[in-house]
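These numbers come from a predicted model, not from an experiment. Both ligands and their constituent atoms are indexed starting at 1 by order of listing. For reference, positions follow the sequence shown, starting with 1.
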Amino acid sequence: MRLVLLGPPGAGKGTQAQVLCERFGIPQISTGDILREHVQEGTPLGIRARAFMDRGEYVPDEVVVEMVMDRLEEPDAEKGFVLDGFPRTVPQAEALERALAARGRPLDAVLCFAVADVTAIARLTGRYTCPTCKRTYHREFSPPAVDLVCDLDGTELVRRSDDDDLTAKRRLAVYREQTAPLEQFYRERGLLLEIDAEAPKDEVAGRAEAALEELLERRA
Ligand code: ADP
Ligand code: AMP
């Protein structure tokens, strides 16, 4: 299964990616997570990316495309993948389409999680992340059992520096301007599944599963 997750920051892509990856036994490829690892390790790519990320803007296409192409070459991506946060621009989507066509393995579906801006902001500004397993929590909507500690591995949870109110608003504006056109890009290709993500996460997961099953049945 080869899936792309679309939707504004805070829509719940990372949360739903984990559910889909478990269900299909495929890796989650989150460009945000890979970039944050580069930043943390101080690699040349990380040093270049950081300024863009701090401002809530996109890292240049050529940097991200090369990073994803390398990741797709890894053996675990053979059986499929969930791309979370990529593509985010039309040139990225075109590069992905070309690369997958060359392998004869196109995308199966693009799930687009829709939420209102106020919902996205409330989710982002209350988000906590485990730096070890990358699982996300929310102060109010999905708190850990012990305050600020990951349920799975006991690591202390952190807040992302770009989840402050101002940067979150900038990221939403960048999404509307540069990424929203991808909805039409994938709709034209018959790949887009629009999911109303204004519901608790289990309900959203059920909606995603139903939409995906319906699409696969239609194609069978
Ligand atoms: P994205 O990857 O799209 O930026 P995340 O999956 O990290 O979004 O979710 C953002 C925040 O919202 C996290 O704190 C997460 O726990 C919370 N969250 C995710 N899905 C839901 C939901 N359906 N209802 C309430 N909170 C949610
Ligand atoms: P995310 O973790 O998906 O919210 O991404 C965090 C930040 O990483 C974004 O605000 C961008 O600065 C950068 N980023 C992640 N994915 C991409 C991408 N596909 N293209 C450009 N920048 C990206």
Side-chain angles (χ1 to χ4, degrees), residues 4-21 28-40 45-46 48-69 71 82-96 111-130 133-144 150-151 157-164 167-175 177-179 182 195-208:
V4 160
L5 306 191
L6 269 187
K13 298 181 297 298
T15 304
Q16 298 303 327
Q18 290 185 344
V19 177
L20 291 161
C21 288
Q28 174 183 2
I29 301 180
S30 157
T31 42
D33 283 347
I34 301 173
L35 287 166
R36 277 184 291 279
E37 269 165 33
H38 277 282
V39 169
Q40 212 175 357
L45 193 160
R48 185 158 176 222
R50 184 175 192 158
F52 296 98
M53 296 170 80
D54 283 348
R55 287 198 300 270
E57 288 168 13
Y58 288 167
V59 175
D61 286 337
E62 70 274 12
V63 176
V64 184
V65 167
E66 192 184 334
M67 197 179 84
V68 172
M69 294 309 141
R71 179 64 186 85
V82 175
L83 277 169
D84 159 17
F86 181 93
R88 263 178 154 113
T89 63
V90 172
Q92 290 180 17
E94 288 170 343
L96 177 68
L111 294 140
C112 182
F113 295 97
V115 290
D117 284 5
V118 288
T119 305
I121 295 291
R123 290 186 186 175
L124 291 172
T125 53
R127 171 162 67 183
Y128 286 89
T129 309
C130 172
C133 71
K134 316 291 181 212
R135 181 173 166 181
T136 61
Y137 296 84
H138 191 280
R139 202 175 43 208
E140 213 181 308
F141 310 135
S142 55
C150 179
D151 292 346
L157 303 178
V158 295
R159 274 199 72 196
R160 274 172 50 176
S161 58
D162 58 350
D163 276 347
D164 65 287
T167 316
K169 285 186 174 143
R170 175 78 193 124
R171 287 159 61 209
L172 272 178
V174 170
Y175 177 87
E177 187 191 314
Q178 296 194 48
T179 308
L182 290 187
I195 316 286
D196 176 359
E198 294 272 358
K201 59 185 180 184
D202 292 345
E203 211 169 309
V204 177
R207 290 176 187 176

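Counting only distance, with no hydrogens or angles, the side chain of Y175 and the backbone of G7 share a donor-acceptor pair below 3.5 Å. Side chain of T167 to main chain of G56: no donor-acceptor pair is present (N/O by atom type, distance under 3.5 Å, no hydrogens or angles). In this structure a side-chain-to-backbone donor-acceptor pair under 3.5 Å is present from Q92 to R88. The backbone N or O of A197 sits nowhere less than 3.5 Å from a side-chain atom of R207 that would complete a donor-acceptor pair.
If you look at ligand 1, the protein residues with a non-hydrogen atom under 4.0 Å away are P8, P9, G10, A11, G12, K13, G14, T15, R123, R127, T136, Y137, H138, F141, S142, A199, P200, K201, V204.
Regarding atom 18 (C) of ligand 2, its nearest protein heavy-atom neighbour is R88 CD, 3.5 Å. Nearest protein neighbour of atom 22 (N) of ligand 2, counting heavy atoms only, is V59 N, 3.1 Å. The nearest protein atom to atom 7 (C) of ligand 2, hydrogens excluded, is given as M53 CE, 4.0 Å; this is a heavy-atom distance.
For ligand 2, the atoms closer than 4.0 angstrom to any heavy atom of T31 are 15 (C), 16 (N), 17 (C), 19 (N). Taking a cut-off of under 4.0 Å to the non-hydrogen atoms of V64, the atoms of ligand 2 that pass are 18 (C), 19 (N), 20 (N), 21 (C). The atoms of ligand 2 that sit less than 4.0 Å from any heavy atom of R36 are 2 (O), 6 (C). Contact atoms of ligand 2 toward R171: 4 (O) (distance under 4.0 Å to a heavy atom of the residue). Which parts of ligand 2 touch Q92 is read off a 4.0 Å heavy-atom cut-off, strictly below it: atoms 18 (C), 19 (N), 20 (N), 21 (C). Ligand 2 places these atoms under 4.0 Å from at least one heavy atom of E57: 11 (C), 12 (O).
Applying the 6.0 Å contact sphere to CD of E94 captures more than 12 heavy atoms from other residues, nucleotides or ligands. For R160, the CZ atom sits in a packed shell: over 12 heavy atoms of surrounding residues, nucleotides or ligands are nearer than 6.0 Å.
A salt bridge links D163 with R171: the distance from a Lys NZ or Arg NE/NH1/NH2 to an Asp or Glu carboxylate oxygen falls below 4.0 Å. Using a 4.0 Å cut-off between a side-chain N of Lys or Arg and a carboxylate O of Asp or Glu, D33 and K134 do not qualify as a salt bridge.
What you find for F52 and P60 is that their closest heavy atoms are CE1-CD, 3.6 Å.
Remark: ligand 2 and G85 share an N or O pair separated by less than 3.5 Å (distance only, no angle test). Residue-to-ligand polar distances place R160 within reach of ligand 2: an N/O pair is separated by less than 3.5 Å. Ligand 2 has no nitrogen or oxygen under 3.5 angstrom from a nitrogen or oxygen of S30. The shortest N or O to N or O distance between G56 and ligand 2 is not below 3.5 Å. Where the criterion is an N or O separation shorter than 3.5 Å, residue side chain and backbone included, R127 fails it with respect to ligand 2.
Here R48 pairs with E62 under the salt bridge (Lys or Arg N to Asp or Glu O under 4.0 Å) rule; sequence neighbours left out.
Of the listed options L35, D163, D33, L35 places a heavy atom closest to atom 14 (N) of ligand 2.
Each of K13, Q16, Q28 was scored for a side chain to side chain donor-acceptor pair (under 3.5 Å) with D84, with one residue passing: Q28. The one candidate from D196, V115, I195 that meets the side-chain contact (heavy atoms from CB on, under 4.5 Å) condition with V204 is I195.
Contact annotation: the side chain of C150 approaches that of Y137 to within less than 4.5 Å [non-hydrogen atoms, C-beta and beyond].
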